[in-house]
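Only one structure is covered here, and it is reproduced in the block below.
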Amino acid sequence: MNEKKNVPVLEVRNIQKSFADLSVLKNISLSVEEGNVVSIIGPSGSGKSTLLRIATFLETADSGDILYNGEYALQKGVYANKKAMRQFRSRFGLVFQNFNLFPHYSVLKNITQPPILQGKSKDWAHAKAMDLLKKMGLEGKENAYPCQLSGGQQQRVAIARALALEPEMLFFDEPTSALDPELTGEVLKVIRQLAEEKMTMVIVTHEMAFAKAVSEWVVFMDKGVIVEEGKPEDVLGNPTQERTRQFLRNYQQ
């Protein structure tokens, strides 16, 4: 009998984080079920990106728990050993707002290098990359360099690179904030396609209509706390908290 069937892919419990005297995350808890999309919204400085960086081990938490598939990566502020942490890191992909592609690598090498470094054969990595480029609408771009691509194309390469490692879930940190409105749509289209394929995702975003369309769950953060969370039609359509209503009113102006 598989007892892990209903275990969340990611569980964050009572996470606290301060930088010097500034408390940026105050007792944050969050759960992500397999196949779901969770969008995190809120004003600048609310702690959204810090939460995502802690969930992906780019920042360390001061206290709390982080579990992937029911296994502790962080327990009461103490991280698992290095070998276990490598395993945890292999379970997710991360897409940054500024793409973070290697400028001196071709598109193909940007995508194939991570799986090769993880022990996949060059043939496997090449075939995987070509499949992903087709999926991203980037056929024929494999020999281009990042500087030869639009921002939207670069971000789609970054998504392909994350997917090349066949992660269980993807994290997106403001994936369209560095893009012109015209290019935002092509990236959101790719993420929407992944949502339809039931890819587990956590998306820090300022695209409210998009969050409402693709998410199973929306989390509104402000000043390091979760003010309100729930189904998108509730949080974005009929919020219970005045702070959420104020944020959405300001956003729509």
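One-based numbering along the sequence shown. Please read all numbers here as calculations on a predicted model, not as lab measurements.
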Point to revise | Check: Phe172 ring centre within less than 6.0 Å of Phe96 ring centre | key: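 Not close enough - the centres of the two rings lie 6.0 Å or further apart.
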Review point. Does a sphere of radius 6.0 Å around CD in Gln148 hold more than 12 heavy atoms from other residues, nucleotides or ligands, not counting ones at 6.0 Å or beyond?
Key: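 Atom CD in Gln148 is packed in, count exceeds 12.
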Exercise for review: Answer yes or no: are there more than 12 heavy-atom neighbours, outside His126 itself, under 6.0 Å from its atom NE2?
Suggested key: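 Not more than 12 within 6.0 Å, no.
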Check your understanding: According to the interplanar angle, ranging from 0 to 90°, do the rings of Phe92 and Phe57 count as parallel (below 30°), tilted (30 to 60°) or perpendicular (above 60°)?
Key ->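 Tilted.
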Review point. Salt bridge (charged side-chain N to carboxylate O under 4.0 Å, His left out) with Lys141: which residues, sequence neighbours excluded?
Key: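 Result, salt bridge (charged side-chain N to carboxylate O under 4.0 Å, His left out) vs Lys141: none returned.
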Exercise for review: Could you tell me which residues satisfy ring-ring contact (aromatic ring centres under 6.0 Å, His included) with Tyr105, sequence neighbours excluded, listed by chain and number?
Suggested key: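 With sequence neighbours excluded, Tyr105 shows a ring-ring contact (aromatic ring centres under 6.0 Å, His included) to Phe102, given in chain and number order.
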Decide whether [X] and [Y] are clustered together by the hydrophobic rule: side chain heavy atoms of Ile, Leu, Val, Met, Phe, Trp, Tyr closer than 4.5 Å, transitively.
| X | Y | result |
| --- | --- | --- |
| Trp124 | Val107 | no |
| Tyr72 | Ile28 | no |
| Leu248 | Val227 | yes |

Side chain to side chain donor-acceptor pair (under 3.5 Å) with [X]: which residues, sequence neighbours excluded?
| X | result |
| --- | --- |
| Glu228 | Thr240, Thr244 |
| Ser39 | Ser215 |
| Gln113 | none |

**Study point:** Residue pairs fulfilling salt bridge (Lys or Arg N to Asp or Glu O under 4.0 Å) with at least one residue in residues 144-171, sequence neighbours excluded
**Key:**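 As it turns out, the salt bridge (Lys or Arg N to Asp or Glu O under 4.0 Å) pairs with a partner in residues 144-171, which skip direct neighbours, are Lys128-Glu166, Arg156-Glu186.
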Check your understanding: When you check the gap from the basic side-chain N to the acidic O, do Lys198 and Glu216 get nearer than 4.0 Å?
Key ->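 Yes, charged N to carboxylate O under 4.0 Å.
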Check your understanding: Would Lys212 and Glu207 pass as an ion pair if we require N to O under 4.0 Å?
Key ->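 No, this pair does not count.
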